[in-house]
Amino acid sequence: MNLFNHYHTLILDIIRRLGARGELPHDLNTSHITVEPPREASHGDLATNVAMVLAKPTGKAPRAIAELVAAELRLIPSVAEVAVAGPGFINITLDANTWQQQLGIILAAGIDYGRSSLGDNTRINVEYVSANPTGPMHMGHCRGAVVGDVLANILAKAGYAVTREYYVNDAGGQVDVLARSVHMRYREALGEAIGDISEGLYPGEYLVPVGQALAKQHGDVYAAAPEADWLRLFKRAAVDAMLALIKADLALLGIHHDLFSSEQAVQDAGRVNDMLAALNTRGLVYTGVLDAPRGHADDTWEQRPLLLFRASQFGDDSDRPLKKASGDWTYFANDIAYHYDKASRSDALINIWGADHVGTVKRIKAAVAALTDKAMPFDIPMVQMVHLLRNGEPVKMSKRSGNFITLAEVVEEVGAGVVRFIMLTRKADSQLDFDFAKVLEQSRDNPVFYVQYAHARICSALRKAQDIDPNVAVTITVPPLETLALLNRPEEIALMRQIAEWPRVVETAAVAREPHRIAFFLSAVAGALHGHWNLGNDDPSLRFLLADNVPLTTARAVLLAAVKQVIGNGLALMGIEPLEEM
RNA sequence: GUGCCCGUAGCUCAGACGGAUAGAGCACCCGCCUUCUAAGCGGGAUGUCACAGGUUCGAAUCCUGUCGGGCACGCCA
């Protein structure tokens, strides 16, 4: 149960009651009322803007409303103190019991602490990675992969029915190029001296085994055969092999999709015609000509009649071609068909896209809006570039030789957990530096270390607590009230208050589609834990472990266990294994 | 030329749906520290939230414009 939601509900009840008694008007719009932790801890545990929001519709002074509501709030047993402050904020301080009991709730819920029904089983489709199947994953794909995966985790936790989907672009020209590259490797495997891989083809070594396998399977049947004889076959073999590579790379990061959707399959199933029919019935297709794009030297621009979609009616800057002059479908048309298909089996769509696709956001949103009569929620969080550094110096990549920094190399060097965490230390749409040296540093300014260290430190303390009192392990599963009541120091209450925000953080991250909030929250909790821990240096009575005070040691072990649970739950959402010791 | 994103402390960045005196880490200054896990801890100073208008009880947040930066932009995939 989200504590903030609980009091939000109570406040709405109060407004209704005051309405029934004639002290406030009926049927007020209460949708803008919030209950939040106040920024300033000294203001109390919860703050609500209810009085300010209702001032205008009721025609009353905010502070007058605040006093009415405050009087009612004081009647709630768990409320210790209510103060009206500033322009009309109501600050609520809860009874220490309420916070103490949160520890029991956290420990009883375990990994499910933070789960909610916010999403109400809405079928939400998260499409992410979708790298072209032409080679292994490189670092350019990494951030979107992590952001998408963690967002999917968050949404699942928040009660959505999540499908994790990968769109395989196996139908375009680049897979033809791939097949030709594989054909050269195939001839090479048959003993032919092929020299350098031709300009424009994929030179990567990872295609060598694909050629070898084809040579083994088919002998020299296709060595001198015309392309038409082998293209389809080689394409299939190459794409399958590349997908296997990609899946292996994703597995290194702990990423597993539910569904791989093939562009070719969408076409083969006739979904493009379905899409066209759907657009046609809405009168959104016509044959016309496009103006030349501005800002380019456009001597070569030819106005040709094309089949166009009226994207401009749905917020795009211009209408967009569905067919090329050649009569072939455009990539865009296939993409719409795919999205139409996704929409038919979802209640909401999310695409995680790299920043290089910003230019196409409007048109795909226009298409989805058109095909679903604007009924389909569709978010496209954009993921910015990652700059790879080593000790502050940019890592050089030689494109010429086809050497990218691969995801596998990076995971091998620093570990999957570190990669995943660092990818979430910035908002997705701002650029991110990834410094191989810094991410492994053991210091305060490395958030991965800082959070893991907090977890390991707690584990260590819990082991020692067990030595002081062998019953600790049992007590922390269902802590008795008299044990919890010993946790009444302000510093302890502050820590409880902080971890009790976890369910709210999950919901916020889900609604805002912002996984980085989890990482930031964990850093804050780790900071609070370390800070609290250090208090014990100056004041030994604040240490967690007190050999001469078994009841208090046990109680504090309960607090530690709850913090550990919350950090562990956060890391689990991020797909990171928490460390027991380090 | 057009579109999207961005502009917050010296640096790197947080700051859903408008809320109180705008925060964190680093760097800087001053102390402390050999410990319940050590890779440090405590305190201090630091802002025209790019600029100018507007909306309102209230704006870093919303709207308009200007300036500055990044990315993208043909029937490629």
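Atoms considered below: every heavy atom in the structure, side chains included; atoms not considered: hydrogens, waters and symmetry mates. Lettering follows sequence order; numbering is per chain, from 1.
By the side chain to side chain donor-acceptor pair (under 3.5 Å) test, A/Lys362 pairs with A/Asp317, sequence neighbours left out. The side chain to side chain contact (heavy atoms under 4.5 Å, CB included) search around A/Ala337 returns A/Val266, A/Arg271, A/Val272, A/Met275, not counting sequence neighbours. With sequence neighbours excluded, no residue forms a side chain to side chain donor-acceptor pair (under 3.5 Å) with A/Asn534. Take A/Gln498 and apply the side chain to side chain donor-acceptor pair (under 3.5 Å) test, not counting sequence neighbours, and it matches no residue. Every residue was checked against the side chain to side chain donor-acceptor pair (under 3.5 Å) condition with A/Thr122, not counting sequence neighbours, and none meets it.
Residue pairs satisfying the ring-ring contact (aromatic ring centres under 6.0 Å, His included) criterion with at least one member in residues 313-334 of chain A, sequence neighbours excluded, are absent. Residues in residues 442-470 of chain A take part in these ring-ring contact (aromatic ring centres under 6.0 Å, His included) pairs, two or more places apart or across chains: A/Phe449-A/Tyr453, A/Tyr450-A/His530, A/Tyr453-A/His530. Screening residues 510-533 of chain A for salt bridge (Lys or Arg N to Asp or Glu O under 4.0 Å) gives A/Asp379-A/Arg513, A/Glu514-A/Arg517 as the qualifying pairs, with residues at least two apart or on separate chains.
Rounded to whole Å, atom P of B/A38 lies 13 Å from atom OH of A/Tyr450. Across the protein-nucleic acid pair, A/Trp353 atom CH2 and B/A77 atom C1' stand 12 Å apart, rounded to whole Å. Atom CG of A/Leu307 and atom C1' of B/C75 are 12 Å apart (whole Å). Taking atom CG of residue A/Asn446 and atom P of nucleotide B/G40, one finds them 11 Å apart after rounding to whole Å. Here the P atom of nucleotide B/U37 and the CG atom of A/Leu545 are 7 Å apart, to the nearest Å. If you take NE2 of A/His530 and P of B/A24, they are 17 Å apart, rounded to a whole angstrom. Between the CH2 atom of A/Trp533 and the P atom of B/G40 there is a distance of 16 Å, rounded to whole Å. Across the protein-nucleic acid pair, A/Leu542 atom CG and B/U35 atom C1' stand 15 Å apart, rounded to whole Å.
Paired runs in RNA chain B that reach 3 or more consecutive Watson-Crick or G-U pairs, where each pair keeps both distances under 3.5 Å, cover B:1-7 with B:67-73, B:10-13 with B:23-26, B:28-32 with B:40-44, B:50-54 with B:62-66.
Using a 4.0 Å cut-off, some side-chain N or O of A/Lys56 falls inside it from OP1 or OP2 of B/C57.
For the P atoms, the distance linking B/G70 with B/A27 amounts to 29 Å, nearest Å. Rounded to a whole angstrom, the distance from the P atom of B/C26 to that of B/U64 is 39 Å. Between B/A24 and B/U46, the two P atoms lie 13 Å apart (nearest whole Å). With P as the reference atom, B/A45 and B/A22 are 14 Å apart, rounded to whole Å. Nucleotides B/A72 and B/G54 are separated by 31 Å at their C1' atoms, to the nearest Å. For the C1' atom pair drawn from B/G19 and B/C13, the interatomic distance equals 23 Å after rounding to whole Å. Taking atom C1' in both B/A20 and B/G58, one finds a spacing of 10 Å when rounded to whole Å. For the P atoms, the distance from B/G65 to B/C28 is 44 Å, rounded to whole Å.
Residues A/Asp268 and A/Arg232 are paired through a salt bridge, judged by an N-O separation under 4.0 Å between the basic side chain and the carboxylate. A salt bridge is defined here as a Lys NZ or Arg NE, NH1 or NH2 lying under 4.0 Å from an Asp or Glu carboxylate O, and A/Arg320 with A/Asp316 meets this definition.
No hydrogens or angles considered: nothing links the side chains of A/Gln267 and A/Tyr338 as a donor-acceptor pair under 3.5 Å. With hydrogens and angles left out, the side-chain atoms of A/His339 and A/Asn351 include a donor and acceptor closer than 3.5 Å.
Heavy atoms of A/Gly173 sit under 4.0 angstrom from primed sugar atoms or phosphate atoms, though from no base atom. Contact annotation for A/Pro62: no contact, since no heavy-atom pair falls under 4.0 Å across all strands.
Contacts between residues 453-468 of chain A and RNA chain B, counted as heavy-atom distances below 4.0 Å, involve A/Tyr453, A/Ala456, A/Arg457, A/Ser460, A/Arg463, A/Lys464.
Looking at the side chain of A/Lys362, the nearest of the listed nucleotides B/C75, B/U37, B/C4 is B/C4.
Closest-nucleotide positions on RNA chain B for A/Asp317 and A/Glu581 were compared, and the one nearer the 5' end corresponds to A/Asp317. Each of A/Arg304 and A/Gly536 lies near RNA chain B, and the nucleotide nearest A/Gly536 is the one positioned closer to the 5' end.
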Which atom pairs, donor and acceptor, lie under 3.5 Å between side-chain atoms of residues 544-553 of chain A and protein residues at least two apart or in another chain?
| from | atom 1 | to | atom 2 | distance (Å) |
| --- | --- | --- | --- | --- |
| A/Asn549 | OD1 | A/Leu552 | N | 3.2 |
| A/Thr553 | OG1 | A/Leu546 | N | 3.0 |
| A/Thr553 | OG1 | A/Leu546 | O | 2.8 |
| A/Thr553 | OG1 | A/Asn549 | O | 2.9 |

Might you list the N or O atoms of the protein lying below 3.5 Å from N or O atoms in nucleotides 13-21 of chain B, with each pair's distance?
| from | atom 1 | to | atom 2 | distance (Å) |
| --- | --- | --- | --- | --- |
| B/C13 | O5' | A/Arg426 | NE | 3.3 |
| B/A14 | OP1 | A/Lys427 | N | 2.9 |
| B/A14 | OP1 | A/Ser430 | OG | 2.9 |
| B/G15 | OP1 | A/His516 | NE2 | 3.0 |
| B/G15 | OP2 | A/Lys427 | NZ | 3.3 |
| B/A16 | O4' | A/Arg517 | NH2 | 3.2 |
| B/C17 | N4 | A/Glu36 | OE2 | 3.1 |
| B/A20 | OP2 | A/Arg39 | NH2 | 2.1 |
| B/A20 | N6 | A/Asn91 | OD1 | 2.7 |
| B/A20 | N1 | A/Asn91 | OD1 | 3.1 |
| B/A20 | N1 | A/Asn91 | ND2 | 2.9 |

